[in-house]
Amino acid sequence: MYLLCTISVEKLSYCMTASCLNNRPAANVQDKQCGGGNTVEMETYITIAIGLLTVVLGTQCADNTWGGLYPRESESREVRSLDGLWNFRLAPLEDPEKGFREEWYAQPLRKTGAVISMPVPSSYNDVTQDKALRDHIGWAWYDRTFYVPTRWQEDKQRVVLRLGSAHYNSIIYLNGVAVTSHEGGHLPIMSEITSGLVYGQENLVTVAINNTLTPETIPQGSITYHDDLTRYPPGYFTQSYNFDFTNYAGLHRPVYVYTTPRTYIEDIFVTTDISGTDGIISYDIITATTKIGPKRLNDAPGCSMKVLDKDGSHVTSAIGCQGSIMISNASLWWPYLMSEDPGYLYTLKVAVSDTEGILDVYPQKVGIRTIGWNSTTLTINNKPVYLRGCGKHEDADIRGKGVDYPLIVKDFSLLKWLGANSFRTSHYPYAEEIMDMADQEGIMVVDECPAIGLSGFGETLMNKHISVMEELVHRDRNRPSVIMWSVGNEPRSDQAAAKDYFRLVVAATRAADATRPVTKVVAATKAEDSSRPVTCVLNRPKYKEYAGSSLDIILVNRYYSWYSDTGHLEIIKLQTVTEFTEWHELHNKPVMISEYGAGSMPGLHTDPAFTWSEEYQAELMLQNFEAFDELRKKGYFIGEMIWNFADFATPQEYNRPGACMKGLFTRARQPKLAGHLMRVHYWSLAQKIDNVTVPEGVGRLGSVYNWKNL
Ligand code: BDP
């Protein structure tokens, strides 16, 4: 856990790495990469850094690795959205620190220069016609004003500002004073702002965001200066990264101001177990009292809770800040298509009280289920599961990675239309609003952190990686939909340093997900007491790979007949069966394919199938399905996830038309031939494995699949 005071020093070092942008290399110096050992002009960044340090140190300390419980209304809490149109300005590429030097945060942005309207939540890149905005590297500034009622002050409320995420690095100011900062683009940021507010008058919130990625950010990236003046203009630099999706930036998720009483529920940790037909909810409630202002506490706070069923009817009650509740004949949380009523959620209405009565109430959703795994099988509620899913992205036109409710509903509707039961949050933690839907719809999630394509494996990177995993686990550990943690995607784990690196990152993840301090009801015998399996998505050759030995379940990406043997669909089955058999034999763990697929241009048809046609993508899937059928019979192949759910935006390059085209759906979420085929395949599996009735209309569009399976 870092305090803001100390993170400001970390921020300082970030500013130093981001100062690649501030420090132009002298002419005639060879191209070099930021963070990779280039020389920088110390004087410049020290000046900037000191400026920032002064700003940040002038504020109260706050834990900025914990985004707090999601803002939810209750009897004791009010939630106000700050979403909408904010004012926005980019820092000039050639003078990135201008906003700090001129203190753009000290007054409304419109007073220090021109602004445009910027929707929140949204990525900023694609909302205008401006290429400079789309391609910006460095600092961007947002601000808006808002009011809070004097009633909040009179009632001695604690007030919190919370951003769902800010990509990638951010400093947040309230009324000109830095209140918190955060590194990492996909997890929430919270700051108590009670004493910084003016009540009944206008308040100003300003956010400075920097999207620069370096070898020591997660994910990694690098800035390259092009110093050959015969080929590039002076000061020319570009950013590159080890992943193919667009590095969208901005305030991607909702921003809230919310209240709690001064003594409040700080955190809740639940795990669940089942015993016969009974469900057991173990809980640990952390209460806190704000240090600011008079305390209302007359006595040590006590906790109590009511359990409500899905319809809001009272089931049972309990007293105490730690303990277990038994629910007889419990309705279990089941994945979609494994029950008539999937995604069953109880509500734990948690209350903290003193001798005068109830102070704070928070409604916490709970799904009662168990997860188990051994060397061949993954189980939910003691029943083996086979994952039928997709790798996804948070991605859509105009809004980029911005949370969009219509899109969330559409995507879950499409997953269910497919007969899928799972997805992976490739390649970063998704918005809490998406995770809520997964909980509620019974869609299982492999919850991945933003460590994509990592290399280097030094201590600084590892500490940051561990800290991101801890943040992620802290945010999502109460979610029944999360059935596995993924510590990364396709690390360069053929580097020997990966062995210890992943051993330690995985161990830290298990420890972060440690089960109940109270009763340890779940998985008490598992190493490091983890309640979920930990994986990492691998793609290196299995016999020269150092991460697999630390994992609970082996997930592997393989693109036979696309990135290797392109055009030779007939080799897929042999190579896939051999590959996954060997992974299992090597590690004696369950295995699954986490990515396979081919790009297709919607509307491009060829017969016989040819690369990039819809037929090629579909034929490649059919070959893979045959391999999976054979692997499934071996008893340790626990799932398949195609790459990708939908086409998604990529940077400009010559081998992709502005998007990765491996989607079952177009970016606008219309099915390609592959989507229709997958629908038949997944429903057919659901029928075979989960004994479900296939809905009318599946496969209606032609004999794209082996009908006898239905
Ligand atoms: C895989 C990556 C994924 C890419 C995919 C592709 O995990 O993020 O989009 O390749 O190239 O290696 O389509």
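Just follow the structure's listing: the first ligand is 1, and inside any ligand the first atom is 1.
Every residue two or more places apart in sequence or in another chain that forms a salt bridge (Lys or Arg N to Asp or Glu O under 4.0 Å) with E579 is listed here: K542, R558. Partners of D244 under the salt bridge (Lys or Arg N to Asp or Glu O under 4.0 Å) rule, at least two apart in sequence or in another chain, are R656. In this view, K662 satisfies the salt bridge (Lys or Arg N to Asp or Glu O under 4.0 Å) rule with no residue, not counting sequence neighbours.
Although no hydrogens or angles enter the test, the distance criterion places no donor-acceptor pair under 3.5 Å between the side chain of S123 and the main chain of G250. A distance-only check finds no donor-acceptor pair linking the side chain of Y616 to the backbone of G599 [under 3.5 Å].
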Candidate pair V482 and M435, rule side-chain contact (heavy atoms from CB on, under 4.5 Å), full reasoning
CA-CA 9 Å; V482 174; M435 303 300 283; 3.6 Å; yes
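Protein residues with any heavy atom under 4.0 Å from ligand 1: D244, H427, N489, E490, N557, Y559, Y563, E595, W643, F648, R656, C660, K662.
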